[in-house]
Amino acid sequence: MTNPTSSRLLGQGERGLRIHDLVKAPANTPWAKAKQQSWDAGEPATVYTTPEVLSDGTPCTAVTVILRTKGCHWWWSSGCTFCGYFNDTRDDVTNEDLHAQWQAAKDKFDGFANQQMVKVYTSGSLLEDREIPVEFQATVLQDCASIGKELVVESRCEQLTEEKLAWATSINPSFTVAIGLEAYDDEVLRFHVNKGFSTASWDRAVTNLEAFNLRVKTYLMFKPPFMNEADALDHAVRWIEAVAGRSDEISVNPMNIQRGTVIDRLHRHNEYRPPWLWSLVEMIRQAHVHVHPKGGMNGDGDQISRLIVHPTASGKIRGSHNCGACDGEVAAAIERYAVSGSLLEFEGLSCACEAQWRAEVHLERSLPVPLGVSKPRRGALLERLRSP
Ligand code: SF4
Ligand SMILES: [Zn+2]
């Protein structure tokens, strides 16, 4: 006889867990606490260089400086479902520590003499006074303005007020603000990402950035938690279309699993598969028209925005992957597209696993399976079909 509760669609009558508690729990575990105390507050988390493109389209080298900070104020009160930045933060970082980290980064690359772009990432928002001392915000803005480097900083929406931007542009009149919007969809922001702001906040922030002639980079998340592959693909194309007109660059981050997050827990329970690389190729093919309406490539007159996709940890089980045999080749084509903006990068790519990916996406569009049918979701088929 079957279990009488097995066919319930909405749980078993117990109170549901709050997403807030699921997000917060791992940060207080002994391994997380030990890790936070293990690093030197005077050393940046990491500093590295990558090939990049300046705002006028010129190829350049960029230096990325990831600072160790107090972290993100949204994380203190709640936090996003996939964010593992708490692993790299510590609540006793001082203004002096940050200045020491900045100096160490400059020393490592000769005062950034050979890099034309500087990206400063703080596991939160550079322009948030509760996270970063105002004096240090001013140092970063001032240094990059005086040595003539294109500066990119990250921020949530609520910091980008007229008042704050007037202050920042009085020190550095031209920089790029990268906003982790993740999804241009209020339901996804609230129930899948736990983002703590809405699409209206992004609209307001971008209006302010436009008023101060600052560049806008928008991060979108491909396949947030509690979403199947087909929905991820369809949503991502729609979100790219929605933000393209107001974003100088759109950077799509395919989900990669960071330790101690809600998505990590889903992944360990075989309830989430990171995106297929084929989905990213298909997303680019479908979204290309929204950034190049006349089918051009980067640098052409029809360019509305630059679409960038970096599949972090591609080919690994915790990052976007295909069958294992074709991952390197497909990920390389996606990376090349980010630079060239040409769909020709995907010409001739093929592998037997493409048929499996196509079948999964087709099934997910045909069956009521919000969490997907891919093999890593190994629970009982009947339960999966009934999952709300
Ligand atoms: S806003 Fe950014 S840094 Fe803050 S919790 Fe969300 S993803 Fe993490
Ligand atoms: Zn393959």
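Predicted, not measured: the structure shown is a model, and the values here were computed from it. Remember, it's 1-based here, ligands and their atoms both numbered in the order they're listed.
Scanning all protein heavy atoms for the shortest distance to atom 5 (S) of ligand 1 gives C80 N, 3.5 Å. Among all protein heavy atoms, the one lying closest to atom 4 (Fe) of ligand 1 is C72 SG, 2.3 Å. Of the protein's heavy atoms, C83 SG, 2.3 Å lies nearest to atom 8 (Fe) of ligand 1.
With respect to K119, the side-chain hydrogen bond (donor to acceptor under 3.5 Å, both in side chains) criterion is satisfied by exactly one of E150, E52, E154: E52. Under the side-chain contact (heavy atoms from CB on, under 4.5 Å) test applied with L214, the options T169, L160, T176 reduce to a single match, T169.
Note on D185 versus R238: no salt bridge recorded, every NZ/NE/NH1/NH2 to OD/OE distance being 4.0 Å or above. Under the 4.0 Å criterion applied to side-chain N and carboxylate O atoms, K223 and E229 are assigned as salt-bridge partners. With respect to D300 and K294, no salt bridge is recorded, no charged nitrogen being found less than 4.0 Å from a carboxylate O.
By the 4.0 Å heavy-atom criterion, K195 is counted among the residues contacting ligand 1.
Contact atoms of ligand 1 toward R156: 1 (S) (distance under 4.0 Å to a heavy atom of the residue). For ligand 1, the atoms closer than 4.0 angstrom to any heavy atom of S123 are 3 (S).
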